[in-house]
Asks: 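Sharing a structure below in structure tokens format, with a few things to ask.
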Amino acid sequence: MSEGDSVGEAIHGKPSVIGRFFTRLGQIYQSWLDKSTPFSAMRWIFTILLIVIYMIRVYLLQGWYIVTYALGIYHLNLFIAFLSPKVDPSLLEDTAPSFGVKHHSALPVHRYSATKGVVIAMVCTFFDAFNVPVFWPILVIYFIMLFCITMKRQIKHMIKYRYLPLTHGKRTYRGKEDTGKTFAS
């Protein structure tokens, strides 16, 4: 690669104006993400509001069904990833109940990915190239079938390896009730 071929570098090794612009834009974006970290509920509300705005836009425009279908498939993929454990219990050597299996606790990552997906889909609705004519009821039926088949497989996997996707905290076991009596010898 010759000098100046990489993105953001000028001929003499100094960052170009475009490179500096995108670096600064990335820094501002990361700063907003960092500032919004404590406000989990507001981030979820923003994501849901964005999805509603997208759905209204698609409804009013009466198009971009392929983009919406792709967004639905992407959200289904995120949902399955959320339900799945980080380590597949079928790959573990011991077949005991998988109480120690770590699950995807990165729900904010999935929310962030869902938001990015909606933003990308929204941007696609501004370009006619993505408005492919298609009979949308077939896409809806196919999506429902895909959802049912995928969820059936996921639920069977969860039952077979006895794990729950929504565990909260460390599992605690109760012993016998403490009567307060001590053993005297």
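FYI, the numbering just counts along the sequence from 1.
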Asks: Could you walk me through whether His157 and Tyr161 pass the ring-ring contact (aromatic ring centres under 6.0 Å, His included) test, one step at a time?
Replies: CA-CA 6 Å; His157 192 267; Tyr161 294 103; 4.9 Å; yes
Asks: Kindly determine whether Thr150 and Ile80 satisfy side chain to side chain contact (heavy atoms under 4.5 Å, CB included), including the steps that lead there.
Replies: CA-CA 8 Å; Thr150 305; Ile80 295 300; 3.5 Å; yes
Asks: What's the spacing between Leu25 CG and Arg20 CZ if we round to 0.5 Å?
Replies: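 Here the interatomic distance stands at 14.5 Å.
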Asks: Could you please spell out the steps behind the side chain to side chain donor-acceptor pair (under 3.5 Å) verdict for Thr68 and Tyr54?
Replies: CA-CA 9 Å; Thr68 305; Tyr54 174 79; 2.8 Å; yes
Asks: Following the transitive rule for hydrophobic clusters with a side-chain heavy-atom cut-off under 4.5 Å over Ile, Leu, Val, Met, Phe, Trp and Tyr, establish whether Tyr142 and Val58 coincide in one cluster.
Replies: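 Yes: a chain of side-chain contacts under 4.5 Å links Tyr142 to Val58.
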Asks: OH of Tyr29 to CG of Asp34: how many Å apart, nearest 0.5 Å?
Replies: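 Reported to 0.5 Å precision, the distance equals 11.0 Å.
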Asks: Are any non-hydrogen side-chain atoms of Val132 and Tyr65 less than 4.5 angstrom apart?
Replies: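 In short, these two side chains do not touch, never coming nearer than 4.5 Å.
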Asks: Do Val67 and Ile138 belong together in a cluster built from hydrophobic side chains that touch within less than 4.5 Å?
Replies: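 Different hydrophobic clusters.
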Asks: Check this for me: Met151, atom CE, are more than 12 non-hydrogen atoms of other residues, nucleotides or ligands nearer than 6.0 Å?
Replies: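 Atom CE in Met151 is packed in, count exceeds 12.
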Asks: Find out if a path of hydrophobic residues (ILVMFWY) with successive side-chain heavy-atom gaps under 4.5 Å connects Trp32 to Phe39.
Replies: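 No, Trp32 and Phe39 fall in different hydrophobic clusters.
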Asks: If you apply the rule side chain to side chain contact (heavy atoms under 4.5 Å, CB included), what do you find for Ser113 with Tyr74, and how did you get there?
Replies: CA-CA 9 Å; Ser113 297; Tyr74 181 65; 3.5 Å; yes
Asks: Sub-3.5 Å donor-acceptor pair from the side chain of Ser31 to the main-chain atoms of Gln27, do we have one?
Replies: no
Asks: Indicate the atoms forming the closest heavy-atom contact of Tyr69 with Phe143, along with that distance.
Replies: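 Closest pair (atom of Tyr69, atom of Phe143, distance): CE1-CB, 3.9 Å.
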Asks: Can you tell me how far apart CZ (Phe147) and CD1 (Ile73) are? Round to the nearest 0.5 Å.
Replies: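 Spacing of CZ (Phe147) from CD1 (Ile73) equals 11.0 Å.
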Asks: What is the minimum heavy-atom distance between Leu71 and Ala121, and which atoms define it?
Replies: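 Closest heavy-atom pair between Leu71 and Ala121: CD2-CB, 4.0 Å.
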Asks: Should Ser36 and Phe46 count as side-chain neighbours, where that means a heavy-atom distance under 4.5 Å?
Replies: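 Result no, sub-4.5 Å side-chain heavy-atom pair not found.
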Asks: Could you walk me through whether His75 and Ile51 pass the side chain to side chain contact (heavy atoms under 4.5 Å, CB included) test, one step at a time?
Replies: CA-CA 11 Å; His75 283 173; Ile51 291 170; 4.2 Å; yes
Asks: Nearest 0.5 Å, please: how far is CD1 in Ile141 from CD1 in Ile144?
Replies: 7.0 Å
Asks: Is the backbone of Trp64 close enough, under 3.5 Å, to the side chain of Asn131 for a donor and an acceptor to pair up by distance?
Replies: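 Yes; judged by distance alone, with no hydrogens or angles, the pair exists.
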Asks: To the nearest 0.5 angstrom, please state how far the OG1 atom of Thr115 sits from the CD1 atom of Ile48.
Replies: 9.5 Å
Asks: How close do Ala114 and Leu78 get, counting heavy atoms only, and between which atoms?
Replies: N-CD1, 3.6 Å
Asks: Can Arg57 be said to sit on top of Phe126's aromatic six-ring, NZ or CZ under 6.0 Å from centre and within 45° of the ring axis?
Replies: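 Judged by the rule, Arg57 and Phe126 form a cation-pi pair.
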Asks: With respect to Lys156, which candidate in Lys152, Arg153, Lys160, Gln154 satisfies the side-chain contact (heavy atoms from CB on, under 4.5 Å) definition?
Replies: Lys152
Asks: Membership question, hydrophobic clusters at under 4.5 Å side-chain separation (ILVMFWY): are Val123 and Leu60 in the same one?
Replies: no
Asks: Do Ile66 and Leu61 share a hydrophobic cluster, counting only Ile, Leu, Val, Met, Phe, Trp and Tyr and linking them when any side-chain heavy atoms are less than 4.5 Å apart?
Replies: yes
Asks: Ignoring hydrogens and angles, tell me if any N or O in the side chain of Thr125 forms a donor-acceptor pair with the backbone of Met122 under 3.5 Å.
Replies: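 Judged by distance alone, yes, a pair lies under 3.5 Å.
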